Amino acid sequence: MPQGDHIDLARKRHGYRPDYFERKRKKDAREVHKRAAFAQKALGIKGKMFAKKRYAEKAIMKKTLAMHSERTNRHKADDQVQEGAVPSYLLDREQTARAKVLSNTIKQKRKEKAGKWEVPLPKVRPIAEDEMFRVLRTGKRKTKQWKRLVTKVTFVGPGFTRKPPKYERFIRPMGLRFTKAHVTHPELKCTFNLEIIGVKKNPNGPMYTSMGVITKGTVIEVNVSELGLVTPAGKVVWGKYAQVTNNPENDGCINGVLLV
Amino acid sequence: MVLYNFKKITVVPSGKDFVDIILSRTQRQTPTVVHKGYAINRIRQFYMRKVKYTQSNFHEKISTILEDFPRLDDIHPFYGELLNHLYDKDHYKLALGQLNTARNLIEKISKDYVRLLKYGDSLYRCKQLKKAALGRMCTVMKRVSPSLAYLEQVRQHMSRLPSIDPNTRTILICGYPNVGKSSFINKITRADVDVQPYAFTTKSLFVGHTDYKYLRWQVIDTPGILDHPLEECNTIEMLSITALAYLRAAVLFVVDLSGSCGYSLAQQASLFHSIRPLFANKPLIIACNKTDLQPIETLPESDALLLQEMKREAAKAGAGLVDGAPPDEEGCLLTMSTMTEEGVIAVKNAACEKLLQQRVEVKMKSKKINDCLNRIHVAVPRQRDQKERPPCIPQAVLDAKVAEAKVLEKRKLEKDLENENGGAGVYSANLHKHYLLLDPDWKEDIMPEIMDGHNIADFIDADILQRLDELEREEEEAAATAQAADEDEDMSDQELTAEETEALLAIRRKKKQILEEHRLKKSTADNKPVMPRKHDHNRQFNTGRMGQHLSSLGLDPGAAVERIRSKSRLGRKRERSAGGGDDYAMDIDQQPTKKMRARSRSLSRPHTEALPGEGYKDSAQKMKAMKIAKKAVKQRNKDARKGEADRVHYNLKPKHLFSGKRGTGKTDRR
């Protein structure tokens, strides 16, 4: 025993106090009442936090109790139905099977031709222009109101240079320009921080698409080279589409789902 | 000299607790109220403040933790190595590094979100941004929680390490397990190290302190080392090897001659030779323990040879320490027995002496000593001739010294008596021996202490007989004076005349009577009700009786009777008289008991009678009118509302506020 472990050393040499176990038992018994008193008296944020914790504890307790009592529970004994089992009146029918399995690329090509894509968020809330832009008053007497400041998150490419400030109508502030997005792969269920290549389509209008505004529901193209995806032909896939699933101006980051 | 004490490190909270603490602090210490209608700048500031406050709190707390934990490269290499063996240097550094990274990440998050908050144009957006910022900071901390748990464990263990000063005089005890190292340190210091028959009882370094030549010495007990190469040593053995390697101390290699530790002398000798490189530059002493079981003289030949070899090696090593001194073989090997305590002190003194010499040597050689040496100068008087001048002690003092010595020898001390008769617990001293009493035979008498329920000690007094005489004398005197006083009293009685005695008796009788009456009244005051005057039909209480009573007392009843009479006359019309008016005006408590009824209806007329001039046809109409009036007013009265009669005229422009030359805006005191 190290020299500094005074408590353990004292216990080893002299043993416990004569009333130690009694006091311990009583103290532990009192804890229950103290806890209840606190739960009843605590107000405000403290009370809420405690109630939340306690609720979680109780849920776990109930589950364990239910688990323990599973032994004495009785369940309905149902006969398992096997895979491919067919009811008796269908027994003599012939099943047709598809001859050809369509490959993924062909499906994609078909969809592109149709112009309709299957996206996780088919409908989004329409955003009005006065929500998107803020009017900027300029001029010596601040009477000119033709400039607009974009209030949503934007993406500008790497080779972006502003128009001369005197002539630019839509100002995209640097603080709201993002280059990376947190994209989730729907099958792998993991999220990657990928670079944005460009904005493909903003559902609120073609003007926003050309400006590069990113709102909820926008389809963006991301650089997936770090995922290491390969086409059946053997080529490396380095760009894929993803749809934005949050409001980036409220959360400070762009979250999206990869479109596979 | 830095004292290595790791007790002052702040407690490292777990990940969850850390987050809870910081968030609750933010919630308490920043303003909590903000509304949608505030100016947007104010809303932005409100949320930016929260984000910045949270970040600064995280920064502060993490910085204190990072500063409190010692950096393994900055402390003494002994402690660096020790902590490395105990906690794994890499893990330790990684944990602290992760904490540092977390701190930087949180700072970056805060900066980003504060920048974003500048573009928040609604309360909802700012609130979401603040939520996102705080949430991200907390996630960073939660990711670091395993490191925090590890650091807390390290802190708890580190705070219990014994505080070893690596720079002071130290004696290091090493050897095989179970040879008697811990018993040795128990004997020379106050360290209470566990001594058990099984090996590896001591599992860490133990420190004790002892004194030699008025200096404090540190004695370090190490866990036993087994003889295998360095790579195979476990953590406990590495502790002792670290201590050996990094501390400049005198090494005491303990050898068990009897082999009762379970290892033969050959094994111990081989261990000695394998760790010999660690003894370089350190004064070495080989202590042979357990000589009560196996004295060194009766040692078998092979073992004796081994010992001789070890001695030679030790001497060779020791020769290099002090320049010029030949290898001293005999000083290196000493015997002792920790059980019987013989030779223990000698071993300690030898070790201390060797180390002291070495340290002094080193100090003398260093450059710093020259500053001291320049200042120290021992002045010795110059010899002017060859005459010898020894110290001069008078003969009487010398004789007295000799006599004292003899007396001390002759006198038997109480302590010697105690030791002869069985020791401290067995013998109880006879304290009655030295009592000074009138008769020496009374010395062994048993004194009673309690008699009849009283403490005898309370009644004992040295001059009790004297006091008794005094008391008797006082009593006699008191009796004499009492008699004289009685006679004096009779004398004063004869001075009263017969009338006076009668008067005296009458007074006494009257007094008694009044007292009895009063007592009676008091006792019956609450039990008997008092007859109020309005039921006093017999007219017992009247002015005449009062006047008689007053005159019987000897007072003049005139004024009182007049007053009462005048009060009863108030109901009637007052007479106009110049003097009379003054009398009434002078009377203080004159209050009209009856209202003056001028021009009002006499009591004999009913109130529903319609008088001419009031405008009613007949009394029935008047009654109906009265009823309607009452009904109209009833609800208003029930609601306690203002009526026509409750009109108030406010003074909206009091003169004292609106007069004067001050204009409207000049002052705020109106």
Side-chain angles (χ1 to χ4, degrees), chain A residues 1-14 42-50 52-53 56 125 127-128 130-136 148-154 171-180 182 191 193 213-216 246-255, chain B residues 5-7 16 20 23-24 26-28 32 40 51 86 109-122 124-136 156-164 182 185 191-194 196 201-208 220-221 223 236 239:
Chain A
M1 185 174 313
Q3 201 171 12
D5 283 353
H6 301 289
I7 298 176
D8 293 331
L9 193 66
R11 284 227 179 113
K12 192 174 172 194
R13 286 195 181 158
H14 313 295
L43 298 170
I45 188 90
K46 261 197 205 168
K48 281 189 200 162
M49 282 169 67
F50 183 80
K52 191 166 175 212
K53 247 194 287 179
R125 185 178 73 94
I127 299 180
D130 53 1
E131 196 186 326
M132 186 74 82
F133 300 125
R134 206 191 319 167
V135 177
L136 228 54
R148 296 281 182 278
L149 181 81
V150 177
T151 59
K152 305 279 177 192
V153 161
T154 57
I171 300 177
R172 278 161 280 187
M174 270 182 77
L176 290 174
R177 291 186 203 161
F178 280 73
T179 49
K180 287 194 157 202
H182 306 298
T191 315
N193 198 9
V213 172
I214 300 181
T215 55
K216 186 169 181 175
N246 74 330
N247 286 317
E249 70 273 5
N250 285 349
D251 297 331
C253 56
I254 305 175
N255 298 340
Chain B
N5 189 353
F6 299 122
K7 297 192 205 294
K16 231 165 135 266
D20 275 341
L23 286 181
S24 71
T26 309
Q27 192 249 340
R28 274 180 294 127
T32 52
I40 189 65
V51 171
L86 288 170
I109 292 172
S110 150
K111 273 210 198 104
D112 283 339
Y113 277 87
V114 164
R115 194 163 22 101
L116 275 171
L117 268 165
K118 293 197 193 132
Y119 295 103
D121 47 7
S122 70
Y124 177 73
R125 191 160 154 185
C126 292
K127 187 172 179 179
Q128 293 298 96
L129 283 168
K130 161 231 165 204
K131 217 160 123 172
L134 259 53
R136 269 179 123 168
Q156 282 184 0
H157 194 273
M158 229 197 290
S159 69
R160 296 217 199 97
L161 288 178
S163 51
I164 298 174
S182 302
I185 192 176
D192 246 332
V193 185
D194 257 352
Q196 300 283 348
T201 313
T202 310
K203 292 196 257 292
S204 68
L205 298 174
F206 279 80
V207 182
I220 299 182
D221 178 23
I236 303 177
L239 289 180

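The shown structure was predicted, so the numbers you read here are calculated from the model rather than taken from an experiment. Each chain gets a letter, A, B and so on, in the order its sequence line appears, and its residues count up from 1. These numbers come from the heavy atoms of this one structure, side chains and all, not from hydrogens, waters or symmetry mates.
- Between A:D251 and B:A132, the shortest heavy-atom contact is O-CB, 3.5 Å.
- With a threshold of 4.5 angstrom between heavy atoms, B:L116 approaches chain A through side-chain atoms but not through N, CA, C or O.
- Under the rule for a ring pair (Phe, Tyr, Trp, His ring centres under 6.0 Å), B:Y124 has no partner lying at least two apart in sequence or in another chain.
- Per-residue heavy-atom pair counts under 4.5 Å with chain A were compared for B:K127, B:H157, B:Q27, and the maximum is reached by B:Q27.
- When heavy atoms are compared at a cutoff of 4.5 Å, B:L117 does not approach chain A at all.
- B:F206 touches chain A through backbone and side chain together, each having a heavy atom under 4.5 Å away.
- Judged by distance alone, with hydrogens and angles left aside, the side-chain atoms of B:Y119 form no donor-acceptor pair with the main-chain N or O of A:K152 at under 3.5 Å.
- The shortest distance between side-chain heavy atoms of B:D192 and A:R13 falls below 4.5 Å.
- For B:D20, the side-chain hydrogen bond (donor to acceptor under 3.5 Å, both in side chains) test picks out no residue, with sequence neighbours left out.
- Pairing each heavy atom of A:T151 with each of B:R125, the nearest pair is O-NH2, 2.8 Å.
- When heavy atoms are compared at a cutoff of 4.5 Å, A:K12 approaches chain B solely by way of its side chain, counted from C-beta outward.
- Atom NZ of B:K131 sits in a sparse spot, with 12 or fewer heavy atoms from other residues, nucleotides or ligands closer than 6.0 Å.
- The line from CG of A:D8 to CZ of B:R160 is 7.0 Å long, rounded to the nearest 0.5 Å.
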